[in-house]
Colleague: 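Just dropping this structure here.
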2 protein chains.
Amino acid sequence: MVPQYSSSRENYLKAIFHLQEVHGTVTTNDVASEMQTRPASVTDMLKKLKAQKLLLYEKYKGFKLSTEGRKVALQIIRKHRLWEYFLVEKLRFGWDEVHEIAEELEHIGSKKLIDRLDEFLGFPKTDPHGDPIPDSQGRWTLTRQVDLLNLPVNQQAEVSGIGDQSAEILELLNHKHIGLGTRLEVKKKFAFDNSIELKIKNQSPVTISEHVAKNVFVKYDDE
Amino acid sequence: MVPQYSSSRENYLKAIFHLQEVHGTVTTNDVASEMQTRPASVTDMLKKLKAQKLLLYEKYKGFKLSTEGRKVALQIIRKHRLWEYFLVEKLRFGWDEVHEIAEELEHIGSKKLIDRLDEFLGFPKTDPHGDPIPDSQGRWTLTRQVDLLNLPVNQQAEVSGIGDQSAEILELLNHKHIGLGTRLEVKKKFAFDNSIELKIKNQSPVTISEHVAKNVFVKYDDE
DNA sequence: AATAAAATTTAGACAAATCTAAAAAATAAA
DNA sequence: TTTATTTTTTAGATTTGTCTAAATTTTATT
Ligand SMILES: [Mn+2]
Ligand SMILES: [Mn+2]
Ligand SMILES: [Mn+2]
Ligand SMILES: [Mn+2]
């Protein structure tokens, strides 16, 4: 039997993993705000994760996932993203309504379940938000992407990922018909507020703020 | 937002519902043994369920589900059985390996998820064990389910469940081309050893022993 | 270097779900 | 109808995860 961890512990591992990826480093306060909880609760949990050897931690000095902790985090992320893919591709959910549900489904234990699901879905490489899905060994293919602020004007590109994945930004993008795989190009950048005008084929131009642009990643053939 | 109950409470509701269905009545000890827990823990939980108006309970006098408790129990059962159907029909699990996983999946909250799943599966009426799946209003179609010993002669019926689920009986039934969904009728009952002769369309008659007949359940429309 | 501010941890509490041991009530047997 | 047995409930603990308030440590500012 594979060791099982509580949903709460799995959520902490996942949060720590994400923060480690973005900044190189994580703090107690970072985790507290990511998890919508109190710093004192984070400290409590850090001790428990350390006791389970999922975390390297010395009080006041900082912490990071152990090799085992990282492995567990990647499996939760794998489950989260496969379930999101399932919800969108098989149950016709919108990409902006699957995160909450996947947040629960990711804690279902069976390894066989998730490997069968992966197979059923045809071994998808990325989830509905463009994020890579780790394989059953916890590996993923790194795709390099640029955010829209850094996409050259008039360069055709394809949306390949979203940074911030709040329901709010997804709703906004949805409304403007911007989604994974959307082909677009930047027509104008306004220096005043760094807003950007985009053109999607067969649509009238749309404008997005700097805040949004920073969170939309695209890939394009750079010759 | 629909009220949410803990997995533990949902499991208790389900257990109480099942015991109510089988016997007309449930006791603290029944629940304890069904849930693999202690009578004292059951009493603790009965008080909590009563406080939430899911249970009608007076100490030492007995208890039963309230209308609301029954409704909740039926929704958990609906989810359990739909997930079992999904696991068998879509992920190619054996019918003998899905129960444990469904025991976890049944606690996922989203109502939309389960209704979409139902639709995706084509609104199945029974789970892989032949048990009826309640619809989204908690209703199920009452089809008379009897074992083959009690099926009237010449009454067309459909195999809807197997009692004993050992590999041995499954092998025997498999050999005789009897499985879930098989349409058949009883042509003759032999008083000598209670063996039974069956007819399946386009096949020559087959005989099964009393022991086998007792473990094959069928349903038929009772007019 | 001394002080102020911020981050982190500890102390002590609470709710949920479970347990063991003991008490109380209901039921069965004598 | 007493007495014995079984069932059910209570009392008091324990574990997990969370919280507030206070103490401690680190970091930033004079
Ligand atoms: Mn989660
Ligand atoms: Mn995602
Ligand atoms: Mn369950
Ligand atoms: Mn079943």
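Residue numbers start from 1 in every chain, and the chains themselves are labelled A, B, ... in the order their sequence lines are given, proteins ahead of strands.
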Colleague: Atom CZ of B:Phe63 and atom P of D:dT8: how far apart are they, to the nearest Å?
Modeller: 8 Å
Colleague: Near DNA chain D, counting only heavy atoms under 4.0 Å, which residues of residues 5-35 of chain B show up?
Modeller: B:Thr27, B:Thr28, B:Asn29
Colleague: Between B:Asn29 and B:Thr27, do the side chains contain a donor N or O and an acceptor N or O under 3.5 Å apart?
Modeller: no
Colleague: Does the cation-pi check pass for B:Lys90 over B:Tyr85, that is, NZ or CZ under 6.0 Å from the six-membered ring centre and within 45° of its axis?
Modeller: no
Colleague: If I take atom NZ in residue B:Lys48 and atom C1' in nucleotide D:dT9, what distance separates them, rounded to the nearest angstrom?
Modeller: 14 Å
Colleague: Which of residues 37-47 of chain B sit near DNA chain D, with a heavy atom under 4.0 Å from it?
Modeller: B:Pro39, B:Ala40, B:Thr43, B:Lys47
Colleague: Round to the nearest Å and state the distance from A:Leu49 atom CG to C:dT9 atom P.
Modeller: 13 Å
Colleague: Establish, yes or no, whether a centroid distance under 6.0 Å links the rings of A:His80 and A:His99.
Modeller: yes
Colleague: Does B:Lys64 make a cation-pi contact with B:Phe17, if we ask for NZ or CZ under 6.0 Å from the ring centre and within 45° of the axis?
Modeller: no
Colleague: Between A:Gln52 and A:Arg9, does any side-chain donor sit less than 3.5 Å from a side-chain acceptor?
Modeller: yes
Colleague: Using only side-chain N and O atoms of B:Lys59, determine if any of them is under 4.0 Å from OP1 or OP2 of D:dT10.
Modeller: yes
Colleague: What is the separation between atom OH on B:Tyr57 and atom C1' on D:dT9, rounded to the nearest whole Å?
Modeller: 7 Å
Colleague: Tell me whether B:Asp118 is salt-bridged to B:Arg78, with the criterion being a basic N under 4.0 Å from an acidic carboxylate O.
Modeller: yes
Colleague: Ignoring hydrogens and angles, does a donor from either the side chain of A:Tyr60 or the base of D:dT24 sit under 3.5 Å from an acceptor on the other?
Modeller: yes
Colleague: Looking only at side chains, do A:His18 and A:Glu34 share a donor and an acceptor under 3.5 Å apart?
Modeller: no
Colleague: Over how many whole Å does the gap from A:Leu55 atom CG to C:dT9 atom P extend?
Modeller: 11 Å
Colleague: Between A:Asp164 and A:His211, is there a side-chain donor-acceptor contact under 3.5 Å, judged purely by atom types and distance?
Modeller: no
